[in-house]
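Computed from a predicted structure; not experimentally measured. Lettering follows sequence order; numbering is per chain, from 1.
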There are 2 protein chains.
Amino acid sequence: MINIAAHSFHDATAIKLPQPAMAIAPMLAARGLHSSAIRKVACNETLWCEGDERSHIFVVRTGAVCLSRTLPNGRRIVLDFAYPGDIIGLGADTQPCDAHTVQLTRLEAIPVAAFKRAVAEDPEFGRQASIQVANALSAAYQHVVVISKLSANERLASFLMALSRRNEAHGLSGASVVLPMKRLDIADFLGLTIETVSRTFTRLREAGLIALDQHNVVVFRDLARLRALAAGEGEHD
Amino acid sequence: MINIAAHSFHDATAIKLPQPAMAIAPMLAARGLHSSAIRKVACNETLWCEGDERSHIFVVRTGAVCLSRTLPNGRRIVLDFAYPGDIIGLGADTQPCDAHTVQLTRLEAIPVAAFKRAVAEDPEFGRQASIQVANALSAAYQHVVVISKLSANERLASFLMALSRRNEAHGLSGASVVLPMKRLDIADFLGLTIETVSRTFTRLREAGLIALDQHNVVVFRDLARLRALAAGEGEHD
DNA sequence: CGAAGGCTGTTACACACTGTCACACGACCG
DNA sequence: CGGTCGTGTGACAGTGTGTAACAGCCTTCG
């Protein structure tokens with residue numbers, strides 16, 4: 001469930017984290033683990049469920065993965081998304097959440113046994129993995145902040161700005177983003193309903209902050225105001 | 001910011017986690033780290049701030065510590081509470097949140113250098129620490145669930161049931177709990193306002209679910225219904 | 001080829017819950 | 001005794017929700 005790039009996924013977190021420079025991926029490669037079996041998984045396929053014994057560490061190559069939990073009454077909460085380059089499945093041996101694809105996704109699957117062997121042989125390797133878990137925790141804290149204290153406008157802006165920053169961190173333009181997931185996934189991630197997400201997109205568009213192309217491409221027209229919204233710089237208190 | 005007992009602090013998490021049995025505390029004791037300098041800290045004192053370089057790992061002996069973040073506009077979010085027996089400060093070298101006491105608190109302070117030395121000398125020690133961070137992550141996920149999908153009644157019930165379970169895990173009665181923190185801290189923890197927390201206490205009392213003694217002692221009068229509330233078994237979906 | 005149907009997203013409107021503002025009450029303390 | 005602090009309660013407004021209807025796009029199938 002650990003999203004190695006989670007530190008770039010939430011707004012404020014991106015600024016405040018120590019920036020581990022993601023040293024674990026090269027280390028995986030150096031150990032030959034990075035070239036493990038590659039799986040091609042269809043959209044809406046489940047990788048694991050909450051409570052499962054962890055069997056693999058996955059590296060997302062293309063597509064997107066959604067990490068979620070489900071309440072007894074069926075209500076679902078999306079905890080994080082994993083994009084190409086992200087590593088998921090670090091952390092405890094028992095999965096703390098469900099994981100399923102939201103697109104056609106290609107994954108590298110590293111068996112847990114091989115991963116643990118690498119950790120045992122190289123303490124630094126384990127240390128880097130721990131850092132990633134700590135970063136995921138910091139990202140989860142940020143998620144709590146977003147959900148508990150931001151308005152619908154601010155939440156969506158926060159989500160979009162995190163994607164924008166992620167683009168920039170990967171050398172792409174931060175001026176627009178492609179949304180790989182559906183409105184329902186965004187709603188469950190932001191603690192809103194699908195209708196509110198839809199309305200909020202409309203509000204941001206009418207306010208001149210964004211423009212929309214075919215539902216899943218967002219072009220930013222006023223990054224400064226969007227960033228202010230995302231940071232929760234509203235006039236409360 | 002890691003709360004070693006966080007797994008018993010959130011409701012559903014308590015059921016689902018692998019139960020690490022908190023192996024790290026005895027290990028600290030075995031290494032002599034557990035008997036480090038003991039600090040006595042007054043109420044409302046800050047232990048560290050978000051962004052600070054981590055200097056110590058703390059073990060709470062008496063009192064209670066509040067882990068929080070603050071938004072640019074002053075809004076505060078409580079991420080977790082740490083109670084006697086909990087370890088805080090595990091994880092990254094840069095603090096991902098603020099920490100301050102909400103009571104007169106006694107703490108054991110273990111310098112980070114000593115802690116890291118212990119990890120370097122004993123891989124199992126580091127492994128146990130990592131497990132605690134992973135558990136804190138799982139607890140943070142649970143916190144996201146509570147805040148994003150539960151009503152005010154359910155949130156407060158979830159909070160109270162977590163405290164009840166914690167009491168039971170420590171060999172005490174789960175039939176009542178003492179609240180060491182103020183209403184405002186609870187409100188910021190549950191993503192509510194202080195007024196709503198107050199009204200919710202009243203609602204639970206009038207519904208016969210709890211009884212209150214002098215604002216900070218809660219007696220549970222219907223644990224079954226409280227647990228159902230806490231689990232989010234409402235009639236949605 | 002075109003119509004039917006499903007899926008996703010958008011919009012409208014009444015309503016419920018929570019937040020906001022205001023004030024009262026009691027405990028504690030100088 | 002008067003001040004502050006923490007808490008509880010009421011009236012009211014605002015945001016988001018739930019329900020519903022509708023539009024656009026795609027696949028399916030006659």
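As a whole-Å value, the separation of B/I210 CD1 from D/dG8 P is 10 Å. Rounded to whole angstrom, the span from the CG atom of B/D185 across to the P atom of D/dT7 amounts to 9 Å. In this structure, CZ of B/R203 is placed 13 Å from C1' of D/dT9, rounded to the nearest angstrom. The CD1 atom of A/I186 sits 16 Å away from the P atom of D/dG16 (whole-angstrom rounding). Between the CG atom of A/N153 and the C1' atom of D/dG14 there is a distance of 13 Å, rounded to whole Å. In this structure, B/L190 places its CG atom 15 Å from C1' of C/dG19, rounding to the nearest Å. Taking atom NZ of B/K149 as the reference point, atom P of D/dG16 lies 14 Å away to the nearest angstrom. Taking atom CD of residue B/E154 and atom C1' of nucleotide C/dA16, one finds them 14 Å apart after rounding to whole Å.
Comparing the axis of the opening five pairs of the helix from C/dC1-D/dG30 to C/dG30-D/dC1 with that of the closing five pairs yields an angle of 20°, rounded to 10°.
Screening residues 209-222 of chain B for salt bridge (charged side-chain N to carboxylate O under 4.0 Å, His left out), with sequence neighbours left out, gives B/D222-B/R225. Sequence neighbours left out, the pairs with a member in residues 185-197 of chain A that pass salt bridge (charged side-chain N to carboxylate O under 4.0 Å, His left out) are A/R76-A/D185, A/R76-A/D188, A/D188-B/K149.
Side chains of A/S158 and A/R155: a donor-acceptor N/O pair is absent below 3.5 angstrom, by distance only.
Checked against side-chain contact (heavy atoms from CB on, under 4.5 Å), B/C43 has no partners two or more places apart in sequence or in another chain. Listed by chain and number, the residues in a side-chain contact (heavy atoms from CB on, under 4.5 Å) with B/R205 are B/T202, B/I210, B/L212 (sequence neighbours excluded). Residues passing the side-chain contact (heavy atoms from CB on, under 4.5 Å) test with B/A99, sequence neighbours excluded: B/L47, B/W48, B/V65, B/L67. Residues forming a ring-ring contact (aromatic ring centres under 6.0 Å, His included) with B/H56 (at least two apart in sequence, or on another chain): B/F58. With sequence neighbours left out, the side-chain contact (heavy atoms from CB on, under 4.5 Å) criterion links B/T62 to B/R106.
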message: Output one letter per nucleotide in nucleotides 8-13 of chain C: B when a protein non-hydrogen atom lies under 4.0 Å from the base, S when only the sugar-phosphate is that close, - when neither is.
response: SSBBBB
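Here the two rings, on A/F201 and A/H215, have centers that are 6.0 Å apart or farther.
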